[in-house]
There are 2 protein chains.
Amino acid sequence: MPDDPDAAGPAVSAHGRHIPPASLARLTVYLRVLGTMLTEGVERVSSEELAEAAGVNSPKLRKDLSYLGSYGTRGVGYDVPYLSGQISAALGLTLDWRVAIVGAGHLGRALAGYPGFGSRGFEVVALFDADPLTVGQEVGWLRISDVQSLEAVLEKTRANMAVLAVPADAAQEMCTRLVDAGITSILSFAPVVLQAPPEVQIRKVDMATELQILAYHAQRAQVSALATDAQARLMR
Amino acid sequence: MPDDPDAAGPAVSAHGRHIPPASLARLTVYLRVLGTMLTEGVERVSSEELAEAAGVNSPKLRKDLSYLGSYGTRGVGYDVPYLSGQISAALGLTLDWRVAIVGAGHLGRALAGYPGFGSRGFEVVALFDADPLTVGQEVGWLRISDVQSLEAVLEKTRANMAVLAVPADAAQEMCTRLVDAGITSILSFAPVVLQAPPEVQIRKVDMATELQILAYHAQRAQVSALATDAQARLMR
DNA sequence: TACTGTGAACGGGTTCACAGCA
DNA sequence: TGCTGTGAACCCGTTCACAGTA
């Protein structure tokens with residue numbers, strides 16, 4: 001995601017400049033890699049090593065980091081804990097983010113139990129479902145709430161982000177209710193275009209889209225393989 | 001995402017020109033919207049209407065479509081079934097895509113049951129898990145296979161795409177086995193950087209990344225709200 | 001007349017080479 | 001000496017205005 005690098009809006013870092021969306025997406029990857037290094041006790045990395053581990057080239061990595069400030073030491077490299085902290089701070093991960101998940105099907109439950117959230121500054125504080133048989137069940141530490149009480153529970157839990165994991169036909173209604181309840185950051189897994197005021201940040205993940213993009217590239221590979229094959233036959 | 005418009009590789013459409021990654025991602029959205037219109041019996045759309053429904057502006061939509069060819073009628077608009085078919089063909093969705101899902105946790109099951117796949121040309125032909133208690137269970141039409149027999153099942157089912165829905169620490173190993181088994185298109189939900197030969201197309205979806213990007217924008221909004229607030233106080 | 005298709009201008013991201021500093 | 005930080009050039013995608021056509 002490419003991706004994304006799609007959502008927009010201006011953006012200012014601690015350094016005062018804005019971070020390009022494409023860089024922002026990569027910064028989250030650097031942060032994850034640094035986290036792994038932290039647990040392994042690595043203390044210093046060069047831009048070359050970090051770039052390698054993150055799957056990018058080193059000038060790009062250095063450029064990305066330069067949007068935040070100068071947190072390395074010339075001739076030496078970067079201090080892992082320090083750089084990790086600086087990126088976290090720049091991304092706003094030092095604030096507390098309280099996530100409500102709407103939809104307790106397999107996807108919602110997968111998200112609720114995702115270990116990557118807690119460890120990276122996000123706490124799942126509520127999980128909703130519309131099915132009366134599902135409401136009340138426990139998932140990890142959470143008890144599934146009834147969507148009917150969405151607004152009340154959002155307020156009580158002071159959620160400030162939401163994830164939409166509901167069927168396509170329910171997504172717009174839930175989105176509207178979330179927005180009306182004051183949520184301004186939404187991650188949606190529903191394969192529909194959501195309407196919301198511009199001040200609301202919406203990011204979309206659509207698995208069918210991802211597979212279609214893969215299919216496109218795979219088809220291209222097949223076609224060009226056939227072409228070179230045919231050409232090889234002609235050459236004989 | 002986002003991209004995303006991130007994955008690369010050259011690309012040639014039926015028209016002969018390559019489709020920019022960003023356009024490619026949007027084309028899948030147009031296709032979805034056209035699909036909805038099809039079921040509603042809509043026969044014609046203007047670029048304006050389609051753009052509106054897809055959440056983009058009309059010049060961008062027309063530019064995106066122009067990468068495929070000239071499938072509209074000036075002064076009239078686009079024929080919905082025809083355009084839909086042309087986009088499908090350009091994306092390679094007329095071929096049959098057989099998807100293997102590795103990992104039958106909540107995420108894997110959510111994907112296996114995702115209605116958006118079948119309806120858009122993807123068939124889930126296998127679902128794997130490593131847990132002996134899970135292997136053998138039925139999920140919809142599928143019986144969960146043992147990852148130990150990954151290679152054999154991939155061959156028997158003629159899978160040509162794979163989705164990785166396994167924990168981070170198992171992802172690289174599974175990726176390697178998929179690649180060795182001849183899979184060249186992989187969609188990964190594991191929050192790790194995967195190593196694979198360049199001819200293998202890998203797309204990544206990381207939910208923590210998405211939330212972090214939302215957090216960044218939300219933090220910015222908070223900070224600028226505080227700033228204008230402080231300024232307002234000073235002005236008094 | 002109305003709407004599509006596209007060249008050209010614009011802006012932003014990536015790349016690179018090298019300046020700057022421990 | 002070695003590695004970071006960055007300005008400048010390059011390249012690609014987006015935007016826009018208008019030319020083209022049923």
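In what follows, every chain begins at residue 1, and chains take the letters A, B, ... in the order their sequences are listed.
Summarising the geometry, atom OG belonging to A:Ser47 is positioned 6.0 Å from atom CG belonging to A:Leu61; distances are rounded to the nearest 0.5 Å.
Put simply, the residue from B:Val205, B:Leu194, B:Leu187 that forms a side-chain contact (heavy atoms from CB on, under 4.5 Å) with B:Leu164 is B:Leu194.
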Anything under 3.5 Å between a donor and an acceptor, one on a side chain of residues 92-102 of chain A, the other on a protein residue two or more places apart or in another chain? List them.
residue, atom, partner, partner atom, Å
A:Trp97, NE1, A:Gly92, O, 2.7
A:Arg98, NE, A:Thr157, O, 2.8
A:Arg98, NE, A:Arg158, O, 3.3
A:Arg98, NH2, A:Thr157, O, 2.8

Just list the side-chain donor-acceptor pairs under 3.5 Å for residues 28-35 of chain A, sequence neighbours left out, or say none.
residue, atom, partner, partner atom, Å
A:Thr28, OG1, A:Ala25, O, 2.7
A:Thr28, OG1, B:Thr209, OG1, 3.1
A:Tyr30, OH, A:Asp64, OD2, 2.6
A:Arg32, NE, B:Pro191, O, 3.0
A:Arg32, NH1, B:Asp206, OD2, 2.5

- I would like to know whether B:Met37 and B:Val45 meet side chain to side chain contact (heavy atoms under 4.5 Å, CB included); could you show each step before the answer? CA-CA 9 Å; B:Met37 289 179 169; B:Val45 262; 3.4 Å; yes
- Item | Worked check of side-chain hydrogen bond (donor to acceptor under 3.5 Å, both in side chains) between A:Gln172 and A:Thr176 | CA-CA 6 Å; A:Gln172 181 61 60; A:Thr176 306; 3.1 Å; yes
- For B:Ile19 and B:Leu68, run side chain to side chain contact (heavy atoms under 4.5 Å, CB included): C-alpha distance rounded to whole Å, both residues' side-chain angles, the deciding distance at 0.1 Å, then the answer. CA-CA 8 Å; B:Ile19 304 178; B:Leu68 310 184; 3.5 Å; yes
- Message: Is there a side chain to side chain contact (heavy atoms under 4.5 Å, CB included) between B:Met207 and A:Phe122? Walk through the geometry before answering.
- Response: CA-CA 11 Å; B:Met207 324 194 183; A:Phe122 297 92; over 6 Å; no
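The stretch residues 46-56 of chain A has no heavy atom under 4.0 Å from DNA chain C, so no residue of it qualifies as close.
Here the nucleotide nearest the side chain of B:His18, chosen from D:dT4, C:dA8, D:dG13, is D:dG13. The nucleotide whose nearest atom lies closest to any side-chain atom of A:Ser70 is, among C:dG13, D:dG13, D:dT6, D:dT6.
Counting to the nearest Å, the C1' atom of D:dT14 and the CG atom of B:Asp64 are 10 Å from each other. Distance OH (B:Tyr78) to P (C:dA2): 18 Å, rounded to an integer number of Å. Between A:Lys63 atom NZ and C:dC16 atom C1' the separation is 10 Å, expressed in whole Å. Atom CG of A:Leu68 is separated from atom C1' of D:dT6 by 14 Å (rounded to the nearest Å). The OH-C1' distance, from B:Tyr67 to D:dG13, rounds to 6 Å in whole Å. Between A:Gln86 atom CD and D:dG5 atom P there is a gap of 12 Å when expressed in whole angstrom units. Rounded to whole Å, the distance from CZ on B:Arg26 to C1' on D:dT14 is 8 Å. In this structure, OH of A:Tyr71 is placed 16 Å from C1' of D:dT6, rounded to the nearest angstrom.
Listed pair B:Lys60 / D:dT15 meets the phosphate criterion, a side-chain N or O lying under 4.0 Å from OP1 or OP2. Remark: A:Asn57 is not in phosphate contact with C:dT14, judged by side-chain N or O atoms under 4.0 Å from OP1 or OP2.
For B:Glu43, the CD atom sits in a loose shell: 12 or fewer heavy atoms of surrounding residues, nucleotides or ligands are nearer than 6.0 Å.
Each of A:Ser23 and B:Leu65 has a nearest nucleotide on DNA chain C; the 5'-most of these lies closest to B:Leu65.
Between the side chain of B:Ser46 and the backbone N or O of B:Glu49 there is at least one donor-acceptor pair closer than 3.5 Å.
For residues 74-94 of chain B, the pairs satisfying ring pair (Phe, Tyr, Trp, His ring centres under 6.0 Å) are B:Tyr71-B:Tyr82, with sequence neighbours left out.
Note on A:Arg44: nothing from the nucleic acid sits closer than 4.0 angstrom, heavy atoms only.
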- Message: Base contacts versus sugar-phosphate-only contacts with protein, heavy atoms under 4.0 Å: please encode nucleotides 17-22 of chain C as B, S and - from 5' to 3'.
- Response: B-BBBS
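In this structure, the side chains of A:Met161 and A:Val125 stay at 4.5 Å or more apart for every pair of heavy atoms.
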- Task: Dot-bracket for DNA chain D, please, read 5' to 3', with Watson-Crick or G-U wobble pairs under 3.5 Å on both distances, ( ) within the strand, [ ] crossing, | other strand, . unpaired.
- Result: ||||||||||||||||||||||
